[in-house]
Amino acid sequence: RPLLYVALAAVVATLPVGLYRVILHAMGSPHFALQEIRCQGLDHLTEEDVATAADLRLGTSIMAVDPDDVEHMLAREDWVRKVHVRRELPQTLVVEITERTPVALLAAGDLYLLDETATPFTRVGVREFPDLPVLSLSSVESIGLEDMRSIGLKEMLAEALALIAE
């Protein structure tokens with residue numbers, strides 16, 4: 001009976017090593033090399049924008065790609081309202097993005113897009129969105145996105161958007 005306990009202890013002790021070797025093999029295996037980044041919901045962003053922002057490279061082991069990390073990197077992009085990333089083994093990463101919807105332009109020194117929540121989200125050129133209404137902050141010479149968010153313009157902009165929608 002003591003021999004059985006010794007054998008059982010030996011098996012239990014070697015399990016982590018074996019599991020570690022299996023994981024290492026899978027991470028280095030070409031069978032798990034990232035071959036496709038399938039992007040869904042893109043309108044303004046491109047697949048190249050997504051790959052660059054998330055530092056994704058074809059050929060990288062899909063096991064080394066952390067979907068949560070990719071989501072956090074993409075969530076920092078101006079156009080991204082919501083993002084979900086998942087692996088489809090063995091070689092595909094699926095990136096589902098909900099982009100912001102521009103509903104107006106904000107002239108505050110520079111020109112910014114406003115989404116439906118009255119959040120200014122990216123600087124644009126004057127000719128990029130000619131059909132959108134323009135809200136002007138004439139007393140503001142130039143203000144950055146972070147400053148706009150911190151000085152409480154959102155409520156005022158939301159009211160202005162509601163008037164435009166009527």
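No experiment lies behind these values; they were computed from the predicted model shown.
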Reported CG-to-CZ distance for the pair Leu111 and Arg127, which is rounded to 0.5 angstrom: 12.0 Å
Verify, without hydrogens or angle tests, whether Gln91 (side chain) and His31 (backbone) share a donor-acceptor contact under 3.5 angstrom. yes
Using modelled atom types only, decide if a donor and an acceptor are shared between the side chain of Glu128 and the backbone of Gly125 within a distance under 3.5 Å. yes
Would you say that Leu135 contacts Leu161 through its side chain, given a criterion of any heavy-atom pair below 4.5 Å between the two side chains? yes
Taking the side chain as every heavy atom from C-beta outward, state whether Leu105 and Leu114 have any pair of such atoms under 4.5 Å apart. no
Salt bridge (charged side-chain N to carboxylate O under 4.0 Å, His left out) with Arg38: which residues, sequence neighbours excluded? Glu36, Glu88
Flag side-chain contact, heavy atom, 4.5 Å: Tyr112 against Thr122: no
Is a side-chain N or O of Thr119 found less than 3.5 angstrom from the main chain of Asp115, in a donor-acceptor match? no
Who pairs with Thr46 by side chain to side chain donor-acceptor pair (under 3.5 Å), at least two apart in sequence or on another chain? Asp49
Which residues pass the salt bridge (charged side-chain N to carboxylate O under 4.0 Å, His left out) test with Glu96, sequence neighbours left out? Arg86
Between the CG atom in Leu34 and the CE atom in Met63, the distance rounded to the nearest 0.5 Å is 12.5 Å
Just to verify, what does Asp66 make a side chain to side chain donor-acceptor pair (under 3.5 Å) with, not counting sequence neighbours? none
Can you hop from Leu42 to Ile37 via hydrophobic side chains spaced under 4.5 Å? yes
N/O donor-acceptor pair under 3.5 Å between Arg87 side chain and Ile62 backbone: yes
Measure across Val134 and Ala107 and return the closest heavy-atom pair with its distance rounded to 0.1 Å. CG1-CB, 4.2 Å
Any side-chain heavy atom of Leu113 sitting closer than 4.5 Å to one from Arg100? no
Do the side chains of Val94 and Val85 get nearer than 4.5 Å, heavy atoms only? no
Once ring-ring contact (aromatic ring centres under 6.0 Å, His included) is applied, what residue pairs with a partner in residues 76-110 remain, sequence neighbours excluded? His44-Trp79, Trp79-Phe121
Close side-chain approach of Val83 to Thr98, heavy-atom, < 4.5 Å: no
Listed partners of Arg57 passing side chain to side chain donor-acceptor pair (under 3.5 Å), at least two apart: Asp55
Is it the case that the side chain of Glu99 and the backbone of Leu45 share a donor-acceptor pair, with hydrogens and angles ignored and the cut-off at 3.5 Å? yes
Give a yes or no on whether Glu48 atom CD has more than 12 heavy-atom contacts from other residues, nucleotides or ligands under 6.0 Å away. no
Check the pair Leu93 / Leu56 against side-chain contact (heavy atoms from CB on, under 4.5 Å), numbers first and verdict last. CA-CA 10 Å; Leu93 191 70; Leu56 296 171; 3.7 Å; yes
Locate the shortest heavy-atom distance separating Ala33 from Gly59; write the atom from each residue and the value. CB-O, 3.8 Å
